[in-house]
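What follows is a set of notes on a single structure, which appears directly below.
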Protein chains: 2
Amino acid sequence: MKSIPFPTLQRLCTLFQILTDLKKNTHLQTSSLELAALCGTTAFTIRKDIATLGVTGNSGQGYAVEKLMQLIGNSLGFFEKKRIGVIGIGSLGSALIKHSGFNNNEFEVVAAFDSNINKIETTKAVVPLFPFYQLSSVVNRLKIDYGLLAVPPDAAQGVTDKLVESGIKGIINFAPIIVKSTDNTIFIRNVDMAAELRILTAQNYVKSIEHLHQ
Amino acid sequence: MKSIPFPTLQRLCTLFQILTDLKKNTHLQTSSLELAALCGTTAFTIRKDIATLGVTGNSGQGYAVEKLMQLIGNSLGFFEKKRIGVIGIGSLGSALIKHSGFNNNEFEVVAAFDSNINKIETTKAVVPLFPFYQLSSVVNRLKIDYGLLAVPPDAAQGVTDKLVESGIKGIINFAPIIVKSTDNTIFIRNVDMAAELRILTAQNYVKSIEHLHQ
DNA sequence: CTCTAGCTGTGATTTATTTCACTAATTTAT
DNA sequence: ATAAATTAGTGAAATAAATCACAGCTAGAG
């Protein structure tokens with residue numbers, strides 16, 4: 001199998017989500033056109049994306065929802081359950097611990113960490129809480145695969161380094177700073193929610209300017 | 001000014017964040033090379049990106065942090081304060097209300113909404129809370145520019161439609177479903193946190209497979 | 001005052017991605 | 001059974017974006 005372009009990988013992840021929803025609504029059959037509409041892209045793109053996973057061989061009449069879901073899920077490893085750790089139990093961290101998207105048959109939050117010992121003792125949570133100094137040992141013992149970073153921005157890079165040392169497979173950083181690792185076998189994604197909003201406002205602003213200048 | 005490619009716009013938003021941080025640390029002068037390292041890209045790209053904003057005319061010796069920040073901020077409208085509404089005050093919504101990234105001199109959360117009247121009466125929050133049926137009127141009265149959607153996925157599209165009707169400028173949807181508007185003057189970004197993690201796991205999985213096959 | 005080192009600005013090139021156009025396969029209706 | 005309609009698969013073309021290479025500018029050292 002040739003390597004998958006990143007935009008394609010992103011869309012395949014979205015497709016998987018869409019197929020899961022379709023299945024839930026007992027929508028058994030679909031087509032590239034329908035998927036394109038749901039995914040916000042074109043039918044060409046959907047077909048090309050699916051083609052990168054290898055031939056499925058059902059040219060005449062669309063895709064079977066379940067079969068396509070299995071194909072994508074198997075190709076990208078979505079059926080292996082991943083163990084998640086949340087670092088930082090402020091309001092965002094607490095929300096992540098409870099978030100349905102991280103507690104299902106794909107992901108499981110198995111631990112959370114905070115530097116504030118008091119908080120650990122007083123917070124009620126559905127997952128075990130640990131002080132930050134136990135990060136490495138707990139990551140190893142509980143076999144945590146991925147970390148969700150919800151600490152203040154000035155702590156984010158330090159925690160990242162510690163996580164990488166501990167042998168974690170990947171990190172999603174929600175702090176508004178770009179964290180990196182010198183070890184480029186570790187995948188890191190920086191998700192800055194305020195930046196997302198900033199992008200939106202910038203698009204709007206640029207549009208309004210162009211409108212004036214036209 | 002020619003229109004700005006979307007990847008460039010994204011990076012300029014990141015750059016603005018980085019420059020803000022540099023300024024805070026009294027780092028007054030910088031270069032495309034330094035910015036590239038902080039931004040996770042190359043110096044070529046940084047220079048090209050800045051060039052899309054029009055000539056700055058400081059060819060010889062790097063960029064003044066403050067001046068570049070002003071240029072980007074002015075070009076993309078970051079110095080006009082935006083008024084934010086949060087819809088859905090579950091754990092994620094509550095976290096967004098308090099999030100420092102949405103409460104600074106760029107953004108201000110001015111209201112939050114929920115369909116559950118009980119929750120509105122019993123929740124303590126730093127912003128006024130409103131029942132969902134007042135959405136349109138409050139968006140108008142409080143001049144809310146942007147909406148952050150943190151409602152359950154099956155409610156997300158309905159709320160989106162209502163927000164668009166109310167004349168909002170843009171929406172960030174955190175529910176794990178793709179919401180759309182037929183009115184394409186409204187900018188919408190779907191931020192699915194679980195999808196971000198799924199992308200990460202997929203990258204890892206594909207990498208491990210390639211490793212086996214090599 | 002001149003030379004050097006370091007940096008930006010930008011047209012040209014390369015690479016990546018999307019879009020297109022057409023073929024082949026399958027189903028449905030008659 | 002055949003025609004018509006629908007849909008996937010895919011090499012080719014077009015578009016978009018990233019990268020490069022180098023000319024030109026600036027500041028500071030000698």
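We use all heavy atoms of the structure for the numbers below, so side chains are in, but hydrogens, waters and symmetry mates are not.
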Check nucleotides 24-26 of chain D for protein N or O atoms closer than 3.5 Å to its own N or O atoms and list the pairs.
{"from": "D:dG24", "atom 1": "N2", "to": "B:S59", "atom 2": "OG", "distance (Å)": "3.1"}

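- Here CG of B:L35 is found 6.5 Å from CG of B:L22. Values are rounded to the nearest 0.5 Å.
- Listed pair B:Y63 / C:dG9 meets the phosphate criterion, a side-chain N or O lying under 4.0 Å from OP1 or OP2.
- Listed nucleotides D:dA17, C:dT18, D:dT7 differ in distance to B:P5; the shortest reach to its side chain belongs to D:dA17.
- As a whole-Å value, the separation of A:L71 CG from D:dG9 C1' is 14 Å.
- Listed in residue order, the members of residues 39-51 of chain B having a heavy atom less than 4.0 Å from DNA chain D are B:T42, B:F44, B:T45, B:R47, B:K48.
- In this structure, A:T14 contributes its side chain and A:Q10 its backbone to a donor-acceptor pair below 3.5 Å.
- Listed by chain and number, the residues in a ring pair (Phe, Tyr, Trp, His ring centres under 6.0 Å) with A:F78 are A:F16 (sequence neighbours excluded).
- Atom-to-atom, CG of B:L35 to P of C:dT8 comes out at 8 Å; the value is rounded to the nearest Å.
- Considering only residues two or more places apart in sequence or on other chains, A:F174 meets the ring pair (Phe, Tyr, Trp, His ring centres under 6.0 Å) condition with none of them.
- Computed from coordinates, the B:Q29 CD to D:dA27 C1' distance equals 11 Å when rounded to whole Å.
- Under 3.5 Å, the side chains of A:S91 and A:S94 contain no donor-acceptor pair of N or O atoms.
- When the P atom of D:dA8 is taken as reference, atom CG of A:L15 falls 12 Å away, rounded to whole Å.
- Distances shorter than 4.0 Å separate some side-chain N or O of B:S32 from OP1 or OP2 on C:dT8.
- The list of salt bridge (charged side-chain N to carboxylate O under 4.0 Å, His left out) pairs with a residue in residues 155-183 of chain B, not counting sequence neighbours, reads B:D145-B:K169.
- Note: CZ (B:F6) to C1' (D:dA17) measures 14 Å, nearest angstrom.
- Salt bridge absent: B:K81 and B:E106 never bring a charged side-chain N and a carboxylate O closer than 4.0 Å.
- Applying the side chain to side chain donor-acceptor pair (under 3.5 Å) test to residues at least two apart or on different chains, the pairs with a partner in residues 18-38 of chain B are B:K23-B:E66, B:H27-B:E34, B:T30-B:E34, B:S32-B:R47.
- C:dT18 atom C1' lies 17 Å from atom CG of A:L9, rounded to whole Å.
- Using modelled atom types, no side-chain atom of B:N204 and backbone atom of B:S208 make a donor-acceptor pair closer than 3.5 Å.
- Taking for each of B:P7 and A:G62 the nucleotide of DNA chain D with the nearest heavy atom, the 5'-most of the two is the partner of A:G62.
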